[in-house]
Visitor: 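I have a structure here, written as structure tokens, and I will follow up with some questions on it.
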2 protein chains.
Amino acid sequence: MKKGSRQLQAEQTKQRIFETALKLFEKKGFDQVTVDEIVQKSNSSKGAFYNHFDSKYGIFLEKFTEIDTFYEEFIQTIPEEASLKEKILKLFQGQMQYLEHEMGKDLMRSVYTNGLIESENHYFTNTDRSVYKILNDFIKVAVERGELMPEVNNEQLSMMIARCMRGNLYDWIAFGKGFDLQEESKQFMDIFVEGILKKYTPKEK
Amino acid sequence: MKKGSRQLQAEQTKQRIFETALKLFEKKGFDQVTVDEIVQKSNSSKGAFYNHFDSKYGIFLEKFTEIDTFYEEFIQTIPEEASLKEKILKLFQGQMQYLEHEMGKDLMRSVYTNGLIESENHYFTNTDRSVYKILNDFIKVAVERGELMPEVNNEQLSMMIARCMRGNLYDWIAFGKGFDLQEESKQFMDIFVEGILKKYTPKEK
DNA sequence: TTATTATTTAGACTATAGTCTATGAAATAA
DNA sequence: TTATTTCATAGACTATAGTCTAAATAATAA
């Protein structure tokens with residue numbers, strides 16, 4: 001054994017809990033699954049569970065970071081020469097499709113509920129996330145190309161765009177059926193990007 | 001006694017629970033107050049509590065509807081002849097100040113957490129709310145005045161503006177200190193309204 | 001090798017939101 | 001007035017997330 005058998009066992013336990021939990025979440029929905037059930041079905045214990053994860057949300061947040069992998073791959077499909085607006089709308093569209101179909105509303109609900117809990121470490125708050133980096137880069141390129149004036153506050157703008165994403169996702173979760181995430185977020189973002197352009201397009205010299 | 005003493009007593013019990021709860025929320029923060037404590041301090045019981053309120057959130061939602069009174073009064077202070085942009089920005093500003101200072105972050109957290117719970121009846125979802133009516137009216141007037149083209153979908157636009165509010169409030173709650181609600185939401189909304197105007201200002205004839 | 005320390009796991013226990021049933025009293029019907 | 005029904009209330013009970021302690025065993029030091 002490379003790793004001490006202790007660590008190996010711990011890792012296996014964690015993995016077992018993790019996979020069992022995700023399977024159950026998918027089958028019954030996040031709220032319908034109890035920690036006791038996860039623990040029981042994965043042949044582990046409360047002690048093991050809370051040793052490896054902070055909370056029931058925590059277990060899912062671990063999966064949620066997969067989204068960063070998605071982002072990394074997805075931007076490859078966006079042509080470098082596309083306009084800022086095209087890039088942002090494409091990113092939005094890709095993200096919303098991914099979240100709606102790969103993550104699902106129930107899991108997103110838990111992420112957004114968790115985001116509201118008072119604490120220092122939040123996924124949303126973490127500005128190292130891929131989305132922020134990607135948006136930052138979009139804006140930087142747009143400035144270089146003269147699509148946006150150099151005075152724009154890149155960080156702030158990226159944050160606002162991410163906020164648009166959160167706003168649309170929040171409403172999707174809150175409003176239930178009848179809310180078309182793809183359509184709504186497309187139209188919303190179309191307006192927002194137009195606003196950015198109107199405010200920050202360099203003046204004709 | 002006008003009312004039967006039965007109803008009167010019930011009303012008094014409800015009021016006692018309500019006031020005790022709000023006082024406790026204010027003093028200790030929503031999450032630090034237990035239903036048992038509310039019940040005990042208000043000399044009532046679990047049965048009485050859940051007879052009058054759906055949940056711990058529910059008790060606060062009742063207070064939260066006061067915000068509609070605020071809206072009604074606040075729009076009186078906005079001059080009729082102001083532009084759409086001015087009106088929306090003023091409304092936003094007034095709302096955010098009210099929520100930040102009168103409601104407070106803790107209570108708003110509970111409202112937003114509650115908004116995510118799966119159910120039919122949500123405060124946000126209820127399109128009868130004053131905000132929606134006010135926004136609808138702003139847009140209607142703007143169309144009449146030729147500020148916006150008549151093709152705009154009033155309901156959809158109002159909903160999107162309300163979504164901007166939610167997005168900013170969500171981030172305010174999620175990001176904790178360092179997030180300046182007033183400033184952030186002003187700048188955000190400035191962009192969004194510019195986007196609306198760019199897309200929906202009637203073309204020069 | 002033996003002793004010590006650190007860490008994983010088991011599972012009993014706690015805290016708390018919310019449910020359920022019984023009681024008593026008021027409203028209503030006879 | 002008496003009987004019946006309805007409804008507010010009390011408080012025991014349930015469900016479940018999360019804590020805490022102890023036991024077991026691996027890693028490390030002597």
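Chain identifiers are assigned alphabetically (A, B, ...) following the order of the sequence lines, protein sequences preceding nucleic acid strands; residue numbering begins at 1 within each chain.
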Visitor: CZ of B/F49 versus C1' of C/dC20: gap in Å, rounded?
Guide: 17 Å
Visitor: May I have the distance from B/Q40 (atom CD) to D/dA10 (atom P), rounded to whole angstrom?
Guide: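 Value for this atom pair: 13 Å.
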Visitor: For the helix from C/dT1-D/dA30 to C/dA30-D/dT1, how many degrees between its two end axes (five pairs per end), to the nearest 10°?
Guide: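 Taking five pairs per end, the axes differ by 10°.
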Visitor: Considering the options A/Y57, A/F30, A/F64, A/F18, which one meets the ring-ring contact (aromatic ring centres under 6.0 Å, His included) requirement together with A/F25?
Guide: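 Looking at A/Y57, A/F30, A/F64, A/F18, the match for A/F25 under the ring-ring contact (aromatic ring centres under 6.0 Å, His included) is A/F30.
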Visitor: Flag the pair A/M165 / A/V131 as yes when at least one side-chain heavy-atom distance between them is below 4.5 Å, and no otherwise.
Guide: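 When only atoms from C-beta onward are counted, A/V131 and A/M165 do touch, with a gap below 4.5 Å.
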Visitor: Rounded to the Å, how far apart are B/I38 CD1 and D/dG11 C1'?
Guide: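 In whole Å, D/dG11 C1' and B/I38 CD1 are 17 Å from each other.
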Visitor: What does nucleotides 6-13 of chain C look like as a protein-contact string, B for base, S for sugar-phosphate only, - for none, at under 4.0 angstrom between heavy atoms?
Guide: BBSBBBB-
Visitor: Kindly assign one of parallel, tilted or perpendicular to the pair B/F192 and B/F188, based on the angle between their ring planes and the thresholds 30° and 60°.
Guide: parallel
Visitor: How many Å lie between CG on B/L8 and P on D/dT9, as a whole number?
Guide: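 Between P of D/dT9 and CG of B/L8: 11 Å.
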Visitor: Send over the distance from A/Y50 OH to C/dT14 C1', rounded to a whole Å.
Guide: 13 Å
Visitor: Should B/Y112 and A/Y170 be marked as a ring pair (Phe, Tyr, Trp, His ring centres under 6.0 Å) after you check the CA-CA gap, both sets of side-chain angles, and the distance that decides it?
Guide: CA-CA 9 Å; B/Y112 273 74; A/Y170 186 93; 5.4 Å; yes
Visitor: For B/K56, give me all partners under side chain to side chain donor-acceptor pair (under 3.5 Å), at least two apart in sequence or on another chain.
Guide: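 By the side chain to side chain donor-acceptor pair (under 3.5 Å) rule, B/K56 matches no residue at all.
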Visitor: Mark yes or no for whether A/N51, through its side chain, and A/G47, through its backbone, hold a donor-acceptor pair below 3.5 Å.
Guide: no
Visitor: Calculate the interatomic distance between B/I17 atom CD1 and D/dG11 atom P; express it in whole Å.
Guide: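 Taking atom P of D/dG11 as the reference, CD1 of B/I17 is at 13 Å.
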Visitor: What's touching nucleotides 28-30 of chain C from the protein side, N or O pairs under 3.5 Å?
Guide:
none

Visitor: Is it true that a side-chain atom of A/Q76 and a backbone atom of A/E72 form a donor plus acceptor pair closer than 3.5 Å?
Guide: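 Yes.
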Visitor: Less than 4.5 Å apart, any side-chain heavy atom of B/I161 and any of B/I196?
Guide: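 Heavy-atom side-chain distance check passes, below 4.5 Å.
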Visitor: What is the distance, rounded to the nearest whole Å, between atom NZ of B/K56 and atom P of C/dG18?
Guide: 8 Å
Visitor: Of all the heavy-atom pairs spanning B/G94 and B/F74, show the shortest one and how long it is.
Guide: CA-CZ, 3.5 Å
Visitor: Quick one, B/E194 with A/K198, criterion salt bridge (Lys or Arg N to Asp or Glu O under 4.0 Å). Give me CA distance, side-chain angles, the key distance, then yes/no.
Guide: CA-CA 7 Å; B/E194 286 297 341; A/K198 180 144 162 200; 3.1 Å; yes
Visitor: Within residues 22-37 of chain B, which residues have any heavy atom lying less than 4.0 Å from an atom of DNA chain C?
Guide: B/V33, B/T34, B/V35
Visitor: Quick one: CZ on A/F53 to CD1 on A/I38, what's the gap to the nearest 0.5 Å?
Guide: 9.0 Å
Visitor: Is there a side-chain contact between A/N153 and A/L157, using heavy atoms and a 4.5 Å cut-off?
Guide: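 Sidechains of A/L157 and A/N153: no contact.
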Visitor: Which pairs pass salt bridge (charged side-chain N to carboxylate O under 4.0 Å, His left out) with one or both residues in residues 34-51 of chain B, sequence neighbours excluded?
Guide: B/K28-B/E37, B/D36-B/K46, B/E37-B/K41
